[in-house]
Amino acid sequence: MKTILFAFLSLITMSANSQNPFVQTWYTSDPAPLVHGDRLYVYTGHDEDNADFFWMQEWRVYSTDDMVNWQDHGSPLALESFSWADDRAWASQTIERNGKFYWYICAHSNIKKGMAIGVAVSDTPTGPFKDALGKPLFDNGSWDNIDPTVMIDDDGQAWIMWGNPRVYYAKLNKDMISFDGEVKQLDMTEEAFGSPAMNQRDKNKKYKDSYVEGPWLTKRNGTYQLLYAAGGVPEHISYSTAPSPTGPWTYAGVIMPLSDTKSFTNHCGVADFKGHSYFFYHTGKLPGGGGFGRSVAVEEFQYNPDGSFPTIQPTDEGVKPVAAFNPFRKVEGETMAFSKGIKTEQYEEGKKLQVYVSDIHNGDYIKLQNVNWNNRIPRTITARVASGLRGGEMELRLDSINGTLLGTLQVTGTGGWNNWKTVSANLSGINQSALSQNTDLYIVFKGRKGPKLFNLDWWEIK
């Protein structure tokens with residue numbers, strides 16, 4: 001009972017002061033950002049609840065246009081998407097080329113019984129994705145084949161790297177699903193990564209650092225940068241630089257030092273979005289989380305004048321919004337800046353994946369941050385809901401779970417947990433002065449204590 005109470009109080013404290021981790025509905029790991037149009041997408045792994053190892057079955061997608069309110073796009077890719085994969089849906093990265101989105105993954109191969117690199121393809125950043133080859137892109141029976149990273153250079157040449165405890169690399173053809181030449185290995189030297197390859201280290205020598213896994217290949221001011229999890233267990237984030245993806249690489253230092261992230265692994269990705277630079281990583285800071293229950297987080301940073309990385313410390317606060325949230329539109333229920341208690345689920349409708357909010361209980365809530373009312377008064381709330389039994393209520397409140405009440409939407413039983421109905425309610429009791437500036441909007445769920453109340457698909461304020 002004390003453990004449950006502590007977890008609850010920890011989440012309440014976290015929600016009042018933070019946005020990290022920025023996904024609370026599921027444990028997520030190994031964030032890989034991708035900017036497309038006016039949205040930033042993050043592709044993640046999914047740690048199972050109560051796991052005692054990296055038992056991972058699927059990959060997930062989240063996106064934002066303001067860096068604080070994230071839409072959950074569910075899991076459009078899983079082990080079942082690959083006929084050759086049977087376990088360990090570990091780190092991945094997605095990249096766009098010529099209107100196609102290529103999702104590079106690693107998983108255990110049932111062909112050669114080691115880890116293998118695969119690739120799925122889609123016409124949109126959120127799927128549907130399908131195995132582009134029907135077989136692994138690379139599979140030689142080794143357990144080294146994990147954590148692929150990919151980039152397209154200024155001249156159009158695509159590069160892919162992966163590996164633990166050494167770095168493998170190859171050129172990709174323009175089709176993005178075949179190699180141009182052989183798979184090779186980087187020189188794992190002390191100059192390149194702070195220490196030589198593991199089997200070449202002097203047991204009596206103390207090295208400055210060591211490459212472990214999770215490479216992220218990028219380029220800044222003409223210099224190639226390879227970020228990676230370093231140091232062993234626990235891991236920190238370091239990087240090396242080179243004039244070419246093939247090297248020679250030079251160790252450049254630590255980016256995110258060891259700190260109390262509650263996770264003994266780390267895995268990073270970087271992206272520039274709307275004039276800001278962001279560093280993505282994972283922690284174990286959600287209640288019940290840890291080394292096998294990780295959660296993605298993000299920090300804003302500024303490059304040094306020469307393009308090198310500064311030291312980046314993990315925070316609970318996260319980042320500030322880069323745009324305001326418009327509530328006067330249909331909003332997917334799985335869009336949130338922070339939440340307590342809820343989960344998300346999905347089903348297929350035609351070829352489209354439908355995601356909705358589930359596991360709603362009394363006292364749970366969704367927070368939307370930096371809501372811009374644009375000098376308009378909210379008059380009605382409409383939502384698409386489903387309830388197998390008793391239903392409940394949705395309270396709309398400003399700035400906190402006990403803040404100014406905009407109104408309450410009553411939800412009754414609909415005859416099934418996927419028997420969706422649209423319900424509406426009038427909003428009243430609010431004046432213009434309360435909406436004169438951007439606020440946070442809380443959707444607070446109320447009902448009988450204990451049981452699941454209802455599911456939420458979308459909501460719309462007019």
Side-chain angles (χ1 to χ4, degrees), residues 23 28-36 39-46 54 56 58-63 73 75-79 81-82 85 88-98 100-107 115-122 124-127 129-133 136-138 144-153 157-164 167-172 175-177 179 183 211-220 224-229 237 239 245 265-273 278-282 294 296-298:
V23 175
T28 52
S29 61
D30 308 322
L34 168 69
V35 175
H36 178 68
R39 296 191 72 81
L40 185 148
Y41 296 82
V42 174
Y43 298 79
T44 78
H46 172 208
F54 304 110
M56 303 166 69
E58 63 189 21
W59 298 269
R60 301 186 66 84
V61 187
Y62 301 85
S63 75
H73 297 282
S75 172
L77 196 66
L79 290 173
S81 305
F82 303 93
R88 307 191 186 206
W90 289 357
S92 67
Q93 186 182 344
T94 301
I95 197 168
E96 184 269 337
R97 184 163 201 165
N98 297 330
K100 299 283 188 179
F101 296 84
Y102 298 90
W103 198 339
Y104 297 86
I105 62 95
C106 64
M115 292 297 289
I117 305 298
V119 57
V121 65
S122 173
T124 76
T126 57
F129 283 87
K130 66 177 182 179
D131 186 351
L133 293 169
L137 175 65
F138 186 79
D144 293 0
N145 302 321
I146 68 170
D147 303 353
T149 179
V150 62
M151 70 161 288
I152 299 175
D153 210 342
Q157 178 62 60
W159 294 85
I160 184 170
M161 293 183 175
W162 68 83
N164 172 340
V167 182
Y168 298 79
Y169 73 92
K171 288 183 178 181
L172 287 167
D175 64 8
M176 301 299 285
I177 59 173
F179 294 137
V183 173
Y211 170 89
V212 178
E213 59 187 352
W216 179 272
L217 180 62
T218 186
K219 189 177 183 180
R220 189 82 178 182
Y224 296 86
Q225 299 170 325
L226 186 63
L227 289 66
Y228 47 88
I237 301 295
Y239 78 117
T265 66
N266 207 340
H267 190 115
C268 73
V270 295
D272 290 340
F273 182 60
Y278 296 100
F279 181 89
F280 292 83
Y281 61 105
H282 66 227
R294 299 161 294 177
V296 293
V298 61

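Here the structure is a predicted model, which means the values were calculated and not measured.
- Judged purely by distance below 3.5 Å, without hydrogens or angles, the side chains of T218 and Q225 never pair a donor atom with an acceptor atom.
- Between W159 and Y169, the two ring planes are tilted [angle within 30° to 60°].
- Contact check for L40 versus V42: side-chain heavy atoms found under the 4.5 Å cut-off.
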Next item on the list: Could you please spell out the steps behind the side-chain contact (heavy atoms from CB on, under 4.5 Å) verdict for T126 and H36?
Entry: CA-CA 11 Å; T126 57; H36 178 68; over 6 Å; no

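- Annotation for F129 and T124: closest pair CZ-O, 3.8 Å, computed over non-hydrogen atoms.
- Annotation: side chain of N98 is not in contact with side chain of M176 (no heavy-atom distance under 4.5 Å).
- The minimum heavy-atom distance between Y43 and T94, with the atom names listed, is CD2-OG1, 3.3 Å.
- The CZ atom of F273 sits 11.0 Å away from the CG atom of L34 when rounded to the nearest 0.5 Å.
- Put simply, OG on S81 and CH2 on W59 are 7.0 Å apart, with the number rounded to the nearest 0.5 Å.
- Rounding to the nearest 0.5 Å gives a distance of 15.0 Å between OH of Y62 and OH of Y41.
- Side-chain atoms of H267 and S29 include no donor-acceptor pair closer than 3.5 Å.
- Using a 4.5 Å cut-off on side-chain heavy atoms (C-beta onward), H46 and T28 make no contact.
- No hydrogens or angles considered: a donor-acceptor pair under 3.5 Å links the side chains of W103 and S92.
- Minimum interatomic distance between P125 and V61 (heavy atoms only, all atoms of both residues): O-CG1, 4.3 Å.
- Taking CD1 from I105 and CG from L137, the interatomic distance works out to 9.5 Å, rounded to the nearest 0.5 Å.
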Notebook entry, point to check: What's the verdict on side-chain contact (heavy atoms from CB on, under 4.5 Å) for Y281 and I237, showing C-alpha distance, side-chain angles and the deciding distance?
Noted result: CA-CA 9 Å; Y281 61 105; I237 301 295; 5.6 Å; no

Margin query: Assess the residue pair R88 and M115 against the criterion (side-chain contact (heavy atoms from CB on, under 4.5 Å)); give the C-alpha distance rounded to whole Å, side-chain angles, the decisive distance to 0.1 Å, and a yes or no.
Written below: CA-CA 8 Å; R88 307 191 186 206; M115 292 297 289; 4.1 Å; yes

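- Proximity of V35 to D272: side-chain heavy atoms (C-beta onward) are nowhere separated by under 4.5 Å.
- In plain terms, the two heavy atoms of H282 and T265 that are nearest each other are NE2-OG1, 2.9 Å.
- Q93 and P148 make their closest contact through CB-O, 3.8 Å (heavy atoms, listed as atom of the first residue, atom of the second, distance).
- No salt bridge links K171 with D153; every basic N to acidic carboxylate O contact stays at or beyond 4.0 Å.
- Considering only heavy atoms from C-beta on, L227 comes within 4.5 Å of V270 through its side chain.
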Next item on the list: Applying ring-ring contact (aromatic ring centres under 6.0 Å, His included), run through W162 and F138 and close with a yes or a no.
Entry: CA-CA 11 Å; W162 68 83; F138 186 79; 5.2 Å; yes

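- The main-chain N or O of N164 is never found under 3.5 Å from a side-chain atom of E213 such that the two would form a donor-acceptor pair.
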Notebook entry, point to check: Checking side-chain hydrogen bond (donor to acceptor under 3.5 Å, both in side chains) for the pair D147/W90: CA distance, chi angles, key distance, verdict?
Noted result: CA-CA 7 Å; D147 303 353; W90 289 357; over 6 Å; no

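- Atom CD1 of I152 is separated from atom CZ of R97 by 4.5 Å, given to the nearest 0.5 angstrom.
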Checklist line | Pair L172-Y102, side-chain contact (heavy atoms from CB on, under 4.5 Å): steps then yes or no | finding: CA-CA 12 Å; L172 287 167; Y102 298 90; over 6 Å; no

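- Residues M56 and R294 come closest through the heavy atom pair SD-NH2, 3.4 Å.
- For the pair D144 (side chain) and G163 (backbone), a donor-acceptor distance under 3.5 Å is absent.
- A distance-only check finds no donor-acceptor pair linking the side chain of T44 to the backbone of D30 [under 3.5 Å].
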